[in-house]
Amino acid sequence: MANFYLDNKDLQFHLEHPLMRKIVELKEKGFKDRAEFDYAPVDFEDAMDSYRRILEICGEVCGEVIAPNAEDVDKYGPSVVNDRVVYAEGTQKNLDAIVAAGLAGLTLPRRYGGLNMPLTLFVMTNEMIARADAGFENIWGLQDCAETLNEFASDELKDEYLPRVAAGETCAMDLTEPDAGSDLQAVMLKAHWDEARGTWLLNGVKRFITNGDAEISLVLARSEEGTRDARGLSMFVYDKKHLATKVRRIENKLGIKGSPTCELVFTDAPAELVGERKLGLIKYVMSLMNAARLGIGAQSAGLSEAAYREALKYAHERRQFGKAIIEFPAVFEILSNMKAKLHASRALLYETTRFVSIYKDYGYLGRDRKLEPEERTEMKEYTRLADAFTPLQKFFLSEYCNQMAYDAIQILGGSGYMKDYPVERLYRDARIMNIYEGTSQLQVVAAIRHVTTGTYLAKMKEYESEARYPADMGDVFKQLVAMREEYERCVEKVVSTEDGEWIDFHARRMVEMAGYIIMSHLLLQQATVCDDYRNSATVFAKFGYGKNSEAAAYIDNACCGIDPFKKVLDERVEDL
């Protein structure tokens, strides 16, 4: 039987990370639930055993149900019937299997019917589901909207909605509009309080809404009349049972076709305020988007895993000139780089997930009791690292996902271009990863602050001071030190100009340099475990060294300013 957890030693490795003890203890709050729930763990070992069983169950559902349905779901997709979304038959089977396996509400507290699993487990399940079908992950993964309710909503709203998510109801986050994509400050869907009905009513249009006809939706709307900026926006929860929205259409997309991307019309739709007015974008959407970006990282890792496995399998089976094509240097170099990128990106994903998990669980702990001074300090540090690493991982994993799908088709050659093989679907599915939930360019905008303020540099030096690696890999470590010194020099050279436009121009180069060094360090740490990681650490460090040298050379030679690049602003279509 196919099991996407048991066949993935890399996932199993990350589950056993030393920080898991702190993560579990924070999440379980002294294992106090054992007095009330017979399925709650009694100690760390009991919790870890439970996590492994949950991951095995999810891995089996992915391998036996979701993956076999993926091609038909991609072919037929969802449809609109009487203004409502009807999932493809395979999608509905996937949902039924997930719910039957008890995998809904993974991270929600047990008092709402959830399993109280750490974020790390949720990210791992997202990754496995994306490996099976990246489009279905968009439906399954949106249950993390419930975490926003759990974090910010009133007890009454949590009592009303969280048990429904734990029972398997689907979620959506309704943010973007026809004239408000990445610029969410421009959202104009109106929310007004109806005194006679005693409720908020929503009116307007939302566009590009993933799983838009979900049972439970978080809606960003303009509650403050006369405003046009972020301060006039609030967050609302809308219940599909009101039937006050219509699905105008499902977008005809390049990929992830099983996931319905909808245009919605709200007409006097009753909704309930989440948290406080005016904080919808400033506080709640920012939290929601950071969680979503972690989800896209997991989705990208899962799709990358699928692409690598398809390419490796074909390279072993396909014979040319009397031997398997994997024996040709040009082919095994591509596969070696793919494997190194996969290990490196997954290492960055779970390092980020651990940072996010710890700071969020300290926040929940702080609601039960006053945090100790050292706990507040630690929470602040992990919050800073989570803010720095979240855009970094979303940037790299989504870009690598596209590269991995591209390389998989290249390994398969003409066969990969045909619908007879799944890499064609993987290639189409991958293309959205570095666009939605914030493009790669927007991730660079979020990450550059941590270049200029030294967050990444400080973490590099910490990795150096705590470095552990096989004795014969000292040269790789020295290479990473040299890369860090070059990075430090380049950042100083650019930042010292005090020219914001010049810093922005080189931002992507500096963020990429930081990422290559950080991921190389993470792989070097893993190199003590097995030869697989040793090989990936060596390959990726060399790859990163080349990339960083290229970026440094560009920065050193880009002495002419950005004026020549800005000339395109003066061009008009008729001039071309």
Donor-acceptor pair, distance only, cut-off 3.5 Å: does the side chain of R164 make one with the backbone of E169? no
Listed partners of F396 passing ring pair (Phe, Tyr, Trp, His ring centres under 6.0 Å), at least two apart: Y400, Y516
For the pair R21 and E45, evaluate salt bridge (Lys or Arg N to Asp or Glu O under 4.0 Å) and give the outcome as yes or no after the intermediate values. CA-CA 9 Å; R21 183 173 289 274; E45 288 73 19; 3.5 Å; yes
So, the side chain of S357 versus the backbone of T353: is there a donor-acceptor pair under 3.5 Å, distance only? no
Looking only at atom types and distance, does a side-chain atom of E28 sit under 3.5 Å from a main-chain N or O of D33, one as donor and one as acceptor? no
Within a 6.0 Å radius of atom OH on Y76, are there more than 12 heavy atoms belonging to other residues, nucleotides or ligands? no
Residues in salt bridge (charged side-chain N to carboxylate O under 4.0 Å, His left out) contact with E272, at least two apart in sequence or another chain: none
Output every pair passing side chain to side chain donor-acceptor pair (under 3.5 Å) with a member in residues 59-70, not counting sequence neighbours, ordered by first then second residue. N69-N94
Listed partners of D10 passing side-chain hydrogen bond (donor to acceptor under 3.5 Å, both in side chains), at least two apart: R346, Y533
Short N-O contact, R207 and E263, less than 4.0 angstrom: yes
From I216 CD1 over to Q143 CD, what is the distance, rounded to the nearest 0.5 angstrom? 11.0 Å
Would you mind checking if K206 and D174 are paired as a salt bridge, meaning a charged N to carboxylate O distance below 4.0 Å? no
Say you draw a straight line from OG of S223 to CD of E276; how long is it, rounded to the nearest 0.5 Å? 12.0 Å
Can you run down the salt bridge (Lys or Arg N to Asp or Glu O under 4.0 Å) pairs that involve residues 131-144, sequence neighbours left out, and say none if there aren't any? D7-R131
Sequence-distant partners of A97, side chain to side chain contact (heavy atoms under 4.5 Å, CB included), two or more places apart: V61, V65
List the steps, then state whether side-chain contact (heavy atoms from CB on, under 4.5 Å) holds for K278 with I282. CA-CA 8 Å; K278 304 181 183 182; I282 297 168; 6.0 Å; no
Can E462 and K459 be said to form a salt bridge (Lys or Arg N to Asp or Glu O under 4.0 Å), step by step? CA-CA 5 Å; E462 182 181 322; K459 196 62 181 173; 3.0 Å; yes
Hey, could you give me the CD/CD1 distance between Q92 and I139, rounded to the nearest 0.5 Å? 9.0 Å
Between CZ on residue R367 and NZ on residue K29, distance to nearest 0.5 Å: 8.0 Å
Tell me, which pairs form a side chain to side chain donor-acceptor pair (under 3.5 Å) where one or both residues lie in residues 375-385, sequence neighbours left out? K22-E378, Y362-E378, R369-E375, E381-R384, R384-T455
What residues form a salt bridge (charged side-chain N to carboxylate O under 4.0 Å, His left out) with K370, not counting sequence neighbours? none
Please confirm whether the backbone N or O of V187 pairs with a side-chain atom of R222, one donor and one acceptor, at under 3.5 Å? yes
Please collect all ring pair (Phe, Tyr, Trp, His ring centres under 6.0 Å) contacts where either partner lies in residues 260-306, sequence neighbours excluded, each pair once. F152-Y284, Y238-F266
Rounded to the nearest 0.5 Å, what separation is found between the CZ atom of F44 and the CG atom of D49? 11.5 Å
Run through L385, L119, L26 and flag the one making a side chain to side chain contact (heavy atoms under 4.5 Å, CB included) with I358. L26
Go through the side-chain N and O atoms of N138 and Q299 and say whether any donor and acceptor fall under 3.5 Å apart. yes
When you measure from the side chain of E177 to the backbone N and O of L189, does any donor-acceptor pair fall under 3.5 Å? yes
Can you list every side chain to side chain donor-acceptor pair (under 3.5 Å) pair that touches residues 179-193, not counting sequence neighbours? W193-E195
Cationic tip of K360 above Y364 ring, under 6.0 Å, 45° of axis: no
What verdict does the side-chain contact (heavy atoms from CB on, under 4.5 Å) test give for F136 and L95, after you've listed the backbone C-alpha separation in whole Å, the side-chain angles of each residue and the deciding distance to 0.1 Å? CA-CA 9 Å; F136 182 67; L95 283 168; 3.8 Å; yes
Quick one: ring pair (Phe, Tyr, Trp, His ring centres under 6.0 Å) pairs with a partner in residues 84-120, sequence neighbours left out? none
Under 3.5 Å, is there a donor-acceptor pair linking the side chains of Q12 and N8? no
May I have the step-by-step check of side-chain contact (heavy atoms from CB on, under 4.5 Å) for M128 and L55, ending in yes or no? CA-CA 9 Å; M128 288 189 285; L55 290 172; 3.8 Å; yes
Suppose the criterion is salt bridge (Lys or Arg N to Asp or Glu O under 4.0 Å): which pairs have a residue in residues 76-90, not counting sequence neighbours? R84-D213, E89-K93
Distance, nearest 0.5 Å, that separates OH of Y39 from OG of S50: 10.0 Å
Can you list the steps and then say if E224 with R231 is a salt bridge (Lys or Arg N to Asp or Glu O under 4.0 Å)? CA-CA 8 Å; E224 312 308 308; R231 290 169 292 182; over 6 Å; no
Heavy-atom pair with the smallest gap, counting every atom of D368 and K32: OD2-NZ, 3.6 Å
Test your reading of the model: is there a side-chain donor-acceptor pair from N211 to the backbone of C171, 3.5 Å cut-off? yes
side-chain contact (heavy atoms from CB on, under 4.5 Å) evaluation trace for Y456 with L392: CA-CA 10 Å; Y456 296 134; L392 194 69; 3.9 Å; yes
